[in-house]
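Structure record follows, encoded as structure tokens.
Scope of the values below: all heavy atoms of this structure, side chains included, with no hydrogens, waters or symmetry mates.
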There are 2 protein chains.
Amino acid sequence: MTTRMTRATARPVDPTGARRGLGLGELRLGDGFWGSRQRTNATATLRHCYDWMERLGWLANFDAVASGRTGADRPGWQFSDSEVYKLLEAAAWHLGGTPDPDAEELFSALVDRIAAAQDDDGYLNTCFGHGSQPERYSDLSMGHELYCTGHLLQAAVARLRTRGDDRLVQIARRAADHVCREFGPDGRDGICGHPEIEVALAEFGRATGEPAYIEQARLFIERRGRGTLAPVALLGPDYFQDDTPVREAAVWRGHAVRALYLAAGALDVAVEVGDEGLRDAVERQWTRSVERRTYLTGGMGSRHQDEGFGDDWELPQDRAYCETCAGIASIMVSWRLLLATGEVRYADLIERTMYNVVATSPSADGRAFFYANPLHQRTAGADVRPDAVNPRAEGGVRAPWFDVSCCPTNVARTLASWQTYAAFVDASGDTEALVVAQYAAGGIDVALAAGSLRCDVSTAYPDDGSVRITVNEAPDAPVTLRLRVPHWAHGAELTAPGGRARIVEPGWAEVTAAFAPGDVIALSLPTAPRLTWPDDRVDAARGTVAVERGPLVLCAESTDLPAGAGIGDIALLPGAVPRADRDGAVVSAVLRRPLPPREGGPPFGPEEPVRADRDPVDLRLVPYHRWAERGPATMRVFLPLG
Amino acid sequence: MTTRMTRATARPVDPTGARRGLGLGELRLGDGFWGSRQRTNATATLRHCYDWMERLGWLANFDAVASGRTGADRPGWQFSDSEVYKLLEAAAWHLGGTPDPDAEELFSALVDRIAAAQDDDGYLNTCFGHGSQPERYSDLSMGHELYCTGHLLQAAVARLRTRGDDRLVQIARRAADHVCREFGPDGRDGICGHPEIEVALAEFGRATGEPAYIEQARLFIERRGRGTLAPVALLGPDYFQDDTPVREAAVWRGHAVRALYLAAGALDVAVEVGDEGLRDAVERQWTRSVERRTYLTGGMGSRHQDEGFGDDWELPQDRAYCETCAGIASIMVSWRLLLATGEVRYADLIERTMYNVVATSPSADGRAFFYANPLHQRTAGADVRPDAVNPRAEGGVRAPWFDVSCCPTNVARTLASWQTYAAFVDASGDTEALVVAQYAAGGIDVALAAGSLRCDVSTAYPDDGSVRITVNEAPDAPVTLRLRVPHWAHGAELTAPGGRARIVEPGWAEVTAAFAPGDVIALSLPTAPRLTWPDDRVDAARGTVAVERGPLVLCAESTDLPAGAGIGDIALLPGAVPRADRDGAVVSAVLRRPLPPREGGPPFGPEEPVRADRDPVDLRLVPYHRWAERGPATMRVFLPLG
């Protein structure tokens, strides 16, 4: 079905079609924004995750199955196996690009323990089906068995494409074959409460060239939305996306990570089997959900109660859930849509989400993470003890590990493969194109049909909007270099080799030429801070404005306020124009004086509220992705207008 | 400790002190707003609750214990016994004022079944301690055993004060004695995850004259806030108010009903044992929580996730939880504070909450209820089938019964005893005063120290602000008639017998005289619709204004909009002045045209949002308490300013 990848072209998503993403080895990351995060991920986060899972007994769960010692006291949630697999996937991508004996040992040790826990028929799960545990697939709504298997398959895809067939791949094959036997056309007519097996089976099918896996993914997609999952407490069928068939749904709803993993799998199936109706459905859902149910940061999920999407326009800033994993899942969907359509809007959303959700979660040292990513924090979080398991890191502090600790390993696998979401080759036009969707210092080395294209990318993006691409080697024939001009970059300039700077509109800007070594293509993106206004149907942000700078959402933090002023006292002066300042901005604001105490009733009265202002101040704004890095703080992105 | 009540003076709260609430028989309700609701409650709601609990097996749970047939398949939540007790309490108050053979039979049948389930040592619970059930008190965090016992005691208080000692009272005595033995100074050092036993033991102690019950309530209050409850999943100790001792806490937090039942019990204890520090703490918590964490409707609880209070100023309108039971619990606290202090602000909040939370929950026929009471509904609820158990009636439709069906019986006991929260006798001043805190057509017949005072109350409140009190009989000595001028009633006029109308300020207005039969005291409260503005720290209501009329919060419903317009299209014209219309108002507004579709990103952009307006319209506003009565609808209380 697909050509075997080389280690250089290894990538997590490889759909049939005219566009293919660049592989791990085709886009080299230098010491910029993402390169440094990728290195911290490799040197700190992988081991951090391993140590926590060992400490909490999530790894020993595999040993217990292997030795027949499973008991009622199994530690961890029913989905803890999936964290181990996501860590494996992260390690596999890391090892695909970088020799690292420590990571190699970590990987190998994990595979040993996992292999020993696999049943003879391929079933592999530490929470069901052994000893006194509940029976296999006895709780499809909440058991997460197929979800765990899905993450195993994604780890195996990473390994297969970076190293070829090995023990992990064989474990995954047996597990996938088991799923196909158990849930195939003649098997159980069931689905998993948490989608993930669909996207995983589709990719494992692509990676192994085995159409049966894609067919099984298709079956799971088609079965969904028919109300077959048993209801759980107060969660309705929309929580599981089991209320409406995927091809009929108008919008994403229910648990955000579930909705997005499902959409990614549905698109994969649509592309592989040529199902235009299903593909249209996912595009339609993306459009409406992004237009009406997505935050300025790209975050998705407005509700804590069910970690879910809210109604259209329901975008509370303070209670924004915006789970880190939902941001990652949104990128998974948009990347697949970008490859399927070539439309720039998908790359724009990926950028928004990468800089303002994915980059926000991990601490600078890669050893603590946000689970939820609100846009307004009214009370500073308490300091987290480095050895403590935090319930969910919702309180304005990054925590080393959570009770439901899905985000750290999800961040790890995403950062380890970051460059595979940055650029692609597009063979759909008259000339083959290298499309650069995300900017990062480093280099590109890609084999086009016409020959090898090698170039250096020099940029301090996102702090600076200048991107210089210097060609080192190029085919003799003309090729196209297509560069994304982000939606916010009005007045961008592109300079082709030997030409003069010309204004390019947001969207794709391209140069088609037979490039020669030494040629420079320069893109200049205006990154002056700018005001961003909410749609007036977003009730929760009425009367406020945010400041962005390039792809970065900025925020005000209490850390930068004068003593005695709170985050709730800020008002922007009308007509205020933000100015660049370090990696953020400064804007004229007033700090309102406290109101006199009022006693006797709720905070609503017969007079329009008027608070006296102190003198205007220069209010410092910092990138949202690093809020709370200087200690617990209060914070807000959208600032009231005075 | 207290004098034995007559049937006429029977009332649910009877603290030591200079103020005593009027009893069931001392304030007669005519056919006004509350009288009609009380009658619907008696004729429809009591039987409705009984039938649902019978149908769902919650009553048969008592039979199962009695016959030793408890099993793992016990229907209902662990707290379903409490619903039966709340229904008993409602029936007891109803029977205390009105002969009703049907209700008598219902009451008697329930007591039969409950009596048969009580263990020899007084323990009474259908979910723990029998057969293969978990052991007694093995899950103090979530087991709700003492919570259930508390509701049993409150039902017994109603019976004892209306009928004297009887079988139910004896059951309750045995249960209370069991609690005192089990959790006394020499017993288990535990508390219940859901407060309720405290307020119940305190009142049962008052009603029986048994100080041991009050002492046990005091112990439970003092033990709380020391982190002894085992944590549950993602719920922290603040969920249970077990994070900080009651006397040290600054504000209500965590699960709203728990916080408020606890505060009511703490105040009762403080009053009975003369603990000024504890009393000050509850007053302080009321002040800050009402100022910063309470909705325009009086509703409390900003979060769905834990049914809890949010941070200060966190008052989302669309996701307002405002559980009906939290409204009732808030009234319980404020009534106790009103009796303890005589301060009018407590009566103001009771009125706000009665008209806009308690009156909102039940349907006109008394057979369906709201659990949550949001102030903004973006999508119309689906029609509820009359025979269906609704998860939680959050979706904009009243439901006949819920999965967690605490509100119907709580509404029932509150409506059955409504008049006991309306007026009190205040002996703290130079002349004894009859204080009328809530207005309802009917009559008052109260024995003051100086003699009998009888009067008729004539009013169409809240539709009309005129209240006429005609004296039928009065003591020879001067007495004071003290009337509440609500916080919103600027320009109210009071006319004393033989005098001229005089302007009275919001607060208490009084006339002291030796009244004579035929004397009329007239209060005229201006009930023209008025604009109400949010404090500018309430981010979720910025740039909006609400309309109130007298004690009623008004709202716009989609039912009243022209075809093609949605609840999100409304904008009030600047300077718009609402005018009275039927029981609501009319105000000039524009309906904004739909924005052109935008595709490509989240709803935030570089331009200030401007939507074209249609022609101005007269927008009809209706009382919030009857929203969704005309079928599923979208709705909002706070309206954007154009």
Side-chain angles (χ1 to χ4, degrees), chain A residues 233-234 236 287 290-292 294-296 298 303-305 310-319 345 348-349 352 376 378-379 391-392 403 487-488 490 530-540 542-544 546 568 592 595 597-609 611 640, chain B residues 233-234 236 287 290-292 294-296 298 303-305 310-319 345 348-349 352 376 378-379 391-392 403 487-488 490 530-540 542-544 546 568 592 595 597-609 611 640:
Chain A
L234 298 171
T287 300
V290 172
E291 276 178 39
R292 302 182 180 203
T294 300
Y295 284 90
L296 181 61
R303 297 182 177 178
H304 281 58
Q305 189 184 25
D311 286 336
D312 285 352
W313 318 116
E314 181 190 321
L315 294 168
Q317 304 295 307
D318 47 1
R319 294 291 285 169
R345 60 182 181 153
D348 279 338
L349 188 70
R352 193 188 282 275
H376 181 185
R378 281 202 183 76
T379 53
R392 228 169 230 182
D403 184 45
H487 64 95
W488 45 264
H490 297 280
R530 64 189 187 279
L531 297 177
T532 298
W533 304 82
D535 184 298
D536 80 343
R537 289 166 292 189
V538 181
D539 294 286
R542 178 171 288 107
T544 66
R592 290 175 164 163
L595 284 172
R598 56 195 298 285
E599 290 196 12
F604 307 94
E607 307 295 338
E608 267 195 89
R611 289 170 69 186
Chain B
L234 298 170
T287 300
V290 172
E291 275 179 39
R292 301 180 182 206
T294 299
Y295 284 91
L296 181 61
R303 296 182 176 178
H304 280 58
Q305 189 183 26
D311 286 336
D312 285 353
W313 318 116
E314 180 190 322
L315 294 167
Q317 304 294 307
D318 47 0
R319 294 291 284 169
R345 59 181 182 153
D348 278 338
L349 188 69
R352 193 188 283 274
H376 181 184
R378 281 202 183 75
T379 54
R392 227 169 231 183
D403 184 44
H487 64 94
W488 45 263
H490 296 280
R530 64 189 188 278
L531 296 178
T532 298
W533 304 82
D535 186 298
D536 81 343
R537 290 166 290 190
V538 181
D539 294 287
R542 178 172 289 108
T544 66
R592 289 173 164 162
L595 284 172
R598 56 195 297 284
E599 289 195 12
F604 307 95
E607 308 294 341
E608 268 197 87
R611 289 170 68 186

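- Interface remark: of the candidates A:His487, A:His490, A:Arg292, A:His376, A:His376 forms the most heavy-atom pairs closer than 4.5 Å to chain B.
- Closest approach of A:Leu296 to A:Ala546, counting heavy atoms only: CD2-CB, 3.7 Å.
- A donor-acceptor pair under 3.5 Å links the side-chain atoms of A:Tyr295 to the main chain of A:Pro316, judged by distance alone.
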Could you walk me through whether A:Arg319 and B:Arg319 pass side chain to side chain contact (heavy atoms under 4.5 Å, CB included), step by step? CA-CA 10 Å; A:Arg319 294 291 285 169; B:Arg319 294 291 284 169; over 6 Å; no
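- In terms of heavy-atom pairs under 4.5 Å with chain B, the best-connected choice from A:Gly543, A:Pro534, A:Gly298 is A:Pro534.
- Considering only heavy-atom pairs separated by less than 4.5 Å from chain A, the leading option among B:Arg303, B:Arg592, B:Glu607, B:Arg352 is B:Arg303.
- If you tally non-hydrogen atom pairs under 4.5 Å between each of B:Asp539, B:Thr544, B:Asp318 and chain A, the highest count goes to B:Asp539.
- With a 4.5 Å cut-off on non-hydrogen atoms, A:Asp536 touches chain B through its backbone and its side chain both.
- Contacts of B:Arg542 with chain A are made by both backbone and side-chain atoms, with heavy-atom separations under 4.5 Å.
- Within the 4.5 angstrom heavy-atom criterion, only side-chain atoms of A:Leu349, from C-beta onward, approach chain B.
- Neither the backbone nor the side chain of A:Trp488 comes within less than 4.5 Å of any heavy atom of chain B.
- Shortest non-hydrogen contact noted between A:Asp311 and B:Arg378 is OD2-CB, 3.9 Å.
- For the residue pair B:Leu315 and A:Phe604, the shortest heavy atom distance occurs at CD1-CZ, 4.1 Å.
- With sequence neighbours excluded, the residues satisfying salt bridge (charged side-chain N to carboxylate O under 4.0 Å, His left out) with A:Asp348 are A:Arg484.
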